[in-house]
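Okay, so here's the structure we're looking at.
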Amino acid sequence: MRLAWDKLTTVQQWMCEHILGITPASKDEKPKPRTSQADKWAMHLAAATQFYEREGHLRIPRKHTETIVTGGDGKDQKQQEHWELRLGAWIGNQRSRAATLTPERIEQLSQIGMRWAQGAPSVKCALHCSSFRQDRERCW
């Protein structure tokens, strides 16, 4: 109720405050907005890029975690957020889901040094065949 204070009517707010002693939640108490799937993809891609620039490859152990810093301009540390991402699992998942990734995402990963599984025609097909997106079962 405290988090959805704005959704209460004026009468309900008055009753909560004066009868029940409930006050609205402060900004610090409210949860952060959820991270969208596109934002999660971008963060993992940034983590993969960071790892590749540091190590020179994307052969990442499945349990490896990578810390990235987002937000702020580099000077103001209060606005920066540190994210601990399970990069090894994410890279492994992208390799196993190569057939279902969009060509744009495959290209983004390929540009930072992603090595796809040997003999994976679905990746080549996704990049070069327009018919692949329409029919995932076969590529002409």
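Note: the hydrophobic cluster containing Leu45 also contains Trp116 (ILVMFWY, side chain heavy atoms under 4.5 Å, direct or indirect links). When the side chains of ILVMFWY residues are joined at heavy-atom separations under 4.5 Å, either directly or via intervening members, Met114 and Trp90 end up in a single hydrophobic cluster.
Side chain of Gln12 to main chain of Thr9: a donor-acceptor pair is present (N/O by atom type, distance under 3.5 Å, no hydrogens or angles).
Taking 4.5 Å as the limit, every side-chain heavy atom of Gln108 sits out of range of all side-chain heavy atoms of Ile112. A 4.5 Å side-chain heavy-atom check between Ile19 and Trp14 finds at least one atom pair inside the cut-off. With contacts defined as side-chain heavy-atom distances shorter than 4.5 Å, the pair Trp41/Gln94 qualifies. Taking the side chain as every heavy atom from C-beta outward, Tyr52 and Ile60 never approach each other to under 4.5 Å. By the 4.5 Å heavy-atom criterion applied to side chains, Ile22 and Glu17 are not counted as neighbours. In this structure, the side chains of Thr65 and Leu85 stay at 4.5 Å or more apart for every pair of heavy atoms. Looking only at side-chain heavy atoms (C-beta outward), His64 and Phe51 come within less than 4.5 Å of each other. For the pair Arg54/Glu66, a side-chain contact is recorded, criterion being any heavy-atom separation below 4.5 Å from C-beta on.
Considering every non-hydrogen atom in both Gln13 and Asp6, the closest pair reads NE2-CA, 4.3 Å. Ile91 and Ala48 get closest at one heavy-atom pair: CD1-CB, 4.1 Å.
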### Steps toward side-chain hydrogen bond (donor to acceptor under 3.5 Å, both in side chains) verdict (Ser96, Asn93)
CA-CA 5 Å; Ser96 66; Asn93 290 340; 4.6 Å; no
### Message
Determine whether Thr67 and Glu84 satisfy the following criterion, side-chain hydrogen bond (donor to acceptor under 3.5 Å, both in side chains), listing intermediate values before the conclusion.
### Response
CA-CA 5 Å; Thr67 303; Glu84 192 80 19; 2.5 Å; yes
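Interatomic distance, CD of Glu55 versus CD of Gln50, reported as 10.5 Å (0.5 Å rounding). Here CD of Glu81 is found 5.0 Å from OG1 of Thr70. Values are rounded to the nearest 0.5 Å.
Residue-environment remark: CZ (Arg86) stays at or below the threshold of 12 foreign heavy atoms within 6.0 Å. Counting heavy-atom neighbours within 6.0 Å of Arg115 CZ, excluding the residue itself, gives a total of 12 or less.
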